[in-house]
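One structure is given here, and the rest of the page talks about it.
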Amino acid sequence: MNATIEANFDGLVGPTHNYGGLSAGNLASTRNKDRISSPRGAVLEGLAKMRSLARAGLWQGVLPPQERPYLPVMRAIGYSGRDSEVLARVIWEQPRYLKLLSSASSMWAANAAMVSPSADTVDGRVHFTPANLHTTPHRAIEGPQTQRALQRIFADPERFAVHPPLPSHALFADEGAANHVRLCREHGQAGVEILVWGRDGHEGEAGRFPARQSLQSCEAIARRHGLDKRRTVLIRQARAAIDAGAFHNDVVCVGNLNTLFFHEQAFEDKAAALDEISRAARDRFQPDFVEVPADAVSLDDAVTSYLFNSQLLSIPGEERMVLLAPIETQENDRTRAFCEQLVAGNGPIGQVRYAEVRESMRNGGGPACLRLRVVLNEAERDAVNPGIWMNDALYDRLCLWANEHYRDQLAPADLADPNLLGESQAALDELTGILSLGSDFYEFQRSGS
Ligand code: SUG
């Protein structure tokens, strides 16, 4: 029996989920700006995905949403008084800040942190670096709360090292596991860590859209996590992919065990990248490269369908891997045809299933964006805060909770509704009990407001 597993930790959608149009280079976010959202619909879609994977026999965890609207930052930039006064002044003077500080963006847990399993680190602990998300102001505030959540869930310092985010400067701009792929023979064995960057921080910005991950952040993470240089590969993401809307590498690439599923135009120098991966894997395993040619699926189709923002899963009882793709991949004629052809072949991917996460997709977040992968051996698994594991009982409880606290609809103007703050806080306060995170988890709980 193989005791080391890969768990998925999904970000629970927060009560202020909305379409802010805040992410340049994320085409869905720009396109859907100011649409009416459904926070309740979004959280229920996410929960259904989590339950389906838990029911399939995978380890599925829940990461709590962050506190929004985020008053501590409003106070930090000079607004003072009672919470209601702070909010009223921000709305009156700087409504744009309200939007930036109300985004539920922590739901995209692939951007929560970079994670290195204990089999790959020099001190034999699982290492986490919360992403500083330096590029976008609405996400650059996530790091400290992410660190706190990870510390509550992975609390044992003998087994887990939860670092602070990297210094917040463009030189170290870091977007977490969305730009990380780990290949291996089995999860418990040392693997090849692939870190993908879009920009050398010593150079200026070049393209149409921002390249969010710097080379220097990847180097820093590899160093602080104690990764073995011989098994760590740093690859440059293709500028053409970023400019087509692949603001993270996981929009054009996903891996599982020894299999890398990627778009022909994902990497700046594909031949060198594949060569380096093969070299790093040598003696341990044979990488299986499943390349999708641009003439079958263009970069534009990859970005609109989110074919690659899928979860590539080894499901107990299934002989070949399952690709859990967004339903939008089925709705695009070319990517649907490609998937049919893919599973008809005798490659490592034997099935494509579709998940409906439309509320998240409209902000550029597919099934893979919503999850953070953490490889855990049995002892590490036992050390995880048990309140966060998904099962039927937790699913039922969270559905009741969401139905009670979340609005069915949220229009942009509703962000200025003073009741939203109290509603969000009531929801999150109850959630800390449900997930056993402690009643001092959120800042509003500690400040007693
Ligand atoms: O960072 N969207 C997120 C989507 C993140 C997707 N994650 C991965 N690819 N792993 C982002 O661009 C949009 C929010 C808004 O516009 O309201 C947003 O932040």
Side-chain angles (χ1 to χ4, degrees), residues 8-11 13-14 16-39 42 46 63 65-66 68-70 96-115 131-143 146 173-181 196 198 209-213 237 241-242 244-255 263 266 302-311 325-326 328 357-373 410-412 414-415:
N8 289 295
F9 287 79
D10 278 41
V13 178
T16 58
H17 158 65
N18 74 96
Y19 298 117
L22 299 173
S23 285
N26 169 343
L27 305 184
S29 153
T30 310
R31 200 179 319 117
N32 291 304
K33 178 172 187 279
D34 291 342
R35 232 181 132 123
I36 293 174
S37 64
S38 173
L63 291 176
Q66 299 201 350
R68 298 286 183 275
Y70 197 35
R96 195 170 159 80
Y97 286 161
L98 180 70
K99 206 187 229 192
L100 292 178
L101 300 174
S102 297
S103 173
S105 53
S106 67
M107 65 203 260
W108 299 296
N111 306 117
M114 198 81 90
V115 186
N132 62 24
L133 294 159
H134 178 83
T135 306
T136 49
H138 69 292
R139 305 210 63 183
I141 55 174
E142 290 177 31
T146 301
D174 165 33
E175 300 273 321
N179 296 316
H180 175 219
V181 182
V196 184
F209 293 134
R212 297 196 199 178
Q213 186 86 27
Q237 197 186 358
I242 298 171
F247 54 97
H248 292 133
N249 179 59
D250 69 3
V251 176
V252 281
C253 172
V254 61
H263 191 271
V303 171
T304 41
S305 70
Y306 259 41
L307 164 65
F308 297 90
N309 201 260
S310 299
Q311 292 181 251
E328 287 77 356
V357 288
R358 289 188 196 275
E359 284 286 326
S360 168
M361 281 287 286
R362 289 191 195 112
N363 256 335
C369 294
L370 288 161
R371 60 91 175 98
L372 181 68
R373 296 188 286 184
L410 198 67
D414 297 333
L415 293 177

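When reading the values below, keep in mind they use all heavy atoms of this one structure, side chains included, and skip hydrogens, waters and symmetry mates. For ligands, and for the atoms within them, numbers begin at 1 and follow the listed sequence.
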Task: Among Ile36, Asp414, Leu410, Asn363, side chain to side chain contact (heavy atoms under 4.5 Å, CB included) partner for Asn18 - done: Leu410
Open item on the list: Closer than 4.0 angstrom, basic N to acidic O: yes or no for Lys99 and Asp34?
Closed with: yes
Open item on the list: Strictly distance-based, threshold 3.5 Å: is any side-chain N or O of Arg212 a donor or acceptor partner for the main-chain N or O of Leu133?
Closed with: no
Open item on the list: Keeping Gln213 on the side-chain end and Gly198 on the backbone end, is there a donor-acceptor pair under 3.5 Å?
Closed with: no
Task: Derivation of the side chain to side chain contact (heavy atoms under 4.5 Å, CB included) call for Ser29 and Phe247 - done: CA-CA 11 Å; Ser29 153; Phe247 54 97; over 6 Å; no
Identify the protein atoms, limited to N or O, that lie within less than 3.5 Å of an N or O atom of ligand 1, and list each pair with its distance to 0.1 Å.
unit_1, atom_1, unit_2, atom_2, d
ligand 1, 1 (O), Arg139, NH1, 2.9
ligand 1, 1 (O), Arg212, NH1, 2.9
ligand 1, 2 (N), Asn26, ND2, 3.3
ligand 1, 2 (N), Asn363, O, 3.0
ligand 1, 7 (N), Asn111, OD1, 3.0
ligand 1, 9 (N), His248, ND1, 2.9
ligand 1, 9 (N), Asp250, OD1, 2.9
ligand 1, 10 (N), Asp250, OD1, 3.4
ligand 1, 10 (N), Asp250, OD2, 2.7
ligand 1, 12 (O), Ser23, OG, 2.8
ligand 1, 12 (O), Asn26, ND2, 2.9
ligand 1, 12 (O), Arg212, NH2, 2.9
ligand 1, 16 (O), Gly21, N, 3.0
ligand 1, 16 (O), Leu22, N, 2.7
ligand 1, 16 (O), Ser29, OG, 2.9
ligand 1, 16 (O), Asn363, OD1, 3.4
ligand 1, 17 (O), Gly20, N, 2.8
ligand 1, 19 (O), Ser23, OG, 3.2
ligand 1, 19 (O), His138, NE2, 2.7

- [ ] Decide yes or no for Gln66 and Arg68: does some side-chain heavy atom of the first lie under 4.5 Å from some side-chain heavy atom of the second?
- [x] yes
